[in-house]
Amino acid sequence: MILKFKNVKIEQKCDLNNNNRLKYLVEKITKNIFMLSALLGVACLFLIIGFVFYMGLKPFILEGYSFTEFIFGSKWIPSAEKFGILPMIVASLYGTLGALFIGVPIGILTAVYIAELAPKKVSRIVSSAVELLAGIPSVLYGIFGIVVIVPAIQNTFNIPKGQTLLAVIIVLSIMVLPTIVSVSETAIKSVPKEYKEGSLALGASQIETIFKVILPASKSGILSAVVLGLGRALGETMAIILIAGNLAILPSSVLDSVRPLTTNIALEMGYAYGVHQEMLFATGVVLFVFILILNLILNKISNKMVR
């Protein structure tokens, strides 16, 4: 009997050891799969960046083109080998900043209404509408712009062509709203209830509490929303092609036709070759650096505010 009991104990220990080994093996394999997935994402990023930078810097390093003339030149005529993207940089800047100027206040106020002021039923309806707005393909925004906004601008200002910088700003401000609203709403809802209760207990009104306590406490998340909206506005292409007018000229007013950086790449990459194609890649490099610098600036501002 004692021998049998000992044998059973030994078998149980062996089973436990085997189970532990199996669990350890499964965990190790799972960790390796996660690590490979992370490395794959990073590798894809570096491959894309490396390829774009190689193709974009090639004409300046190997073929002797002037980078200064490329950045500050005002004429884009590929047939005459004139590659100046200053009008496109200015158009991208004006369009993005104009969209944020309109979209950020509306987006933040909408997020405040959803998170703090609206009844639950209304809040659900508005949130669903914002989520639906985020799911609309960008080309449909462009179609809406060319059918509704462009004619409205043309008739209002009595100009021959409604495809203008103003149309770009209006459409982009609508397109950045879902990102700004959803991220800002999450940031506002993450503020501890004690902050709100303490403010109300001290005699502050609900609106005072929102603007003096809740919004300052959630400013880091709201700035993240602005950064994401900035990326959406700068990187938008399809909708802008339909409503910008696509003229590579320096805009002197919001009623001029423009050609942003992304639009320039999308319009000409299909048939470009040789130096022309390389200059389009260089435009992509400028766009990438442009977005990177703006994101770094906004992140530094965000970190200072948090401190």
Side-chain angles (χ1 to χ4, degrees), residues 36-100 138 165 168 172 227-241 244-252 256-301 303:
L36 285 172
S37 300
L39 290 175
L40 181 64
V42 174
C44 289
L45 175 65
F46 279 109
L47 279 172
I48 293 169
I49 292 172
F51 175 72
V52 171
F53 270 75
Y54 169 74
M55 292 295 292
L57 298 178
K58 189 177 172 183
F60 308 110
I61 296 172
L62 301 179
E63 297 170 23
Y65 284 89
S66 171
F67 188 73
T68 306
E69 288 180 9
F70 176 70
I71 295 293
F72 296 104
S74 59
K75 291 182 180 180
W76 180 268
I77 310 171
S79 58
E81 292 197 354
K82 291 183 179 179
F83 303 100
I85 61 167
L86 183 62
M88 302 166 206
I89 293 174
V90 173
S92 294
L93 263 176
Y94 285 174
T96 302
L97 294 177
L100 292 180
S138 60
L165 177 60
V168 172
L172 283 179
V227 170
L228 292 172
L230 173 73
R232 177 74 194 272
L234 267 176
E236 183 50 47
T237 306
M238 195 61 227
I240 305 308
I241 288 176
N246 303 316
L247 293 179
I249 57 172
L250 276 169
S252 57
D256 288 337
S257 294
V258 293
R259 178 186 283 197
L261 292 167
T262 52
T263 303
N264 186 51
I265 297 169
L267 284 172
E268 300 187 7
M269 187 60 80
Y271 62 85
Y273 65 93
V275 178
H276 184 193
Q277 188 182 63
E278 290 167 359
M279 287 300 184
L280 292 175
F281 276 106
T283 306
V285 171
V286 172
L287 181 64
F288 177 82
V289 173
F290 190 49
I291 292 173
L292 187 63
I293 290 170
L294 287 174
N295 281 345
L296 287 173
I297 291 169
L298 287 172
N299 283 331
K300 281 204 169 187
I301 294 169
N303 291 334

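We use all heavy atoms of the structure for the numbers below, so side chains are in, but hydrogens, waters and symmetry mates are not. Position 1 is the first residue of the sequence; numbering continues from there.
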Inset, instruction - Output the distance between atom CD1 (Ile71) and atom CD1 (Ile89), rounded to the nearest 0.5 Å. - result: 4.5 Å
Inset, instruction - Calculate, to the nearest 0.5 Å, the distance between atoms CD1 and CG belonging to Ile291 and Leu234 respectively. - result: 5.0 Å
Legend entry - Atom of Ala248, atom of Trp76 and distance for their closest heavy-atom approach: CB-CB, 4.2 Å
Would you be so kind as to tabulate the donor-acceptor pairs closer than 3.5 Å made by side chains of residues 269-284, with sequence neighbours excluded?
residue: His276; atom: NE2; partner: Glu268; partner atom: OE1; Å: 2.6
residue: Thr283; atom: OG1; partner: Met279; partner atom: O; Å: 2.9

Legend entry - Those residues that, when tested against Phe60, pass ring pair (Phe, Tyr, Trp, His ring centres under 6.0 Å) (two or more places apart): Phe67, Phe70
Legend entry - Gap between atom CZ of Arg259 and atom CD1 of Ile241 - 0.5 Å precision: 9.5 Å
Legend entry - pair Leu172-Ile240: side-chain heavy atoms closer than 4.5 Å: yes
Legend entry - Side chain Thr237, main chain Gly235, donor-acceptor under 3.5 Å: yes
Inset, instruction - Measure across Val285 and Gly56 and return the closest heavy-atom pair with its distance rounded to 0.1 Å. - result: CG2-CA, 4.1 Å
Legend entry - Heavy-atom pair of closest approach, residues Leu165 and Pro251: CD2-CB, 4.4 Å
Inset, instruction - Heavy atoms only: give me the nearest Ala244-Pro260 pair and the separation to one decimal. - result: CB-CD, 4.2 Å
Legend entry - Distance (rounded to the nearest 0.5 Å) between Thr96 OG1 and Glu236 CD: 10.5 Å
Inset, instruction - Mind checking the CG-CG spacing from Leu97 to Leu93? Nearest 0.5 Å is all I need. - result: 5.5 Å
Legend entry - Partners meeting ring pair (Phe, Tyr, Trp, His ring centres under 6.0 Å) with Phe288 (sequence neighbours left out): Phe53
Inset, instruction - Let me know which of Asn264, Ile249, Leu250 forms a side-chain contact (heavy atoms from CB on, under 4.5 Å) with Met88. - result: Asn264
Legend entry - Check against side-chain contact (heavy atoms from CB on, under 4.5 Å), Leu86 and Val90: CA-CA 6 Å; Leu86 183 62; Val90 173; 4.2 Å; yes
Inset, instruction - Would you confirm whether Ser138, through its side chain, and Ala239, through its main-chain N or O, come within 3.5 Å as a donor-acceptor pair? - result: no
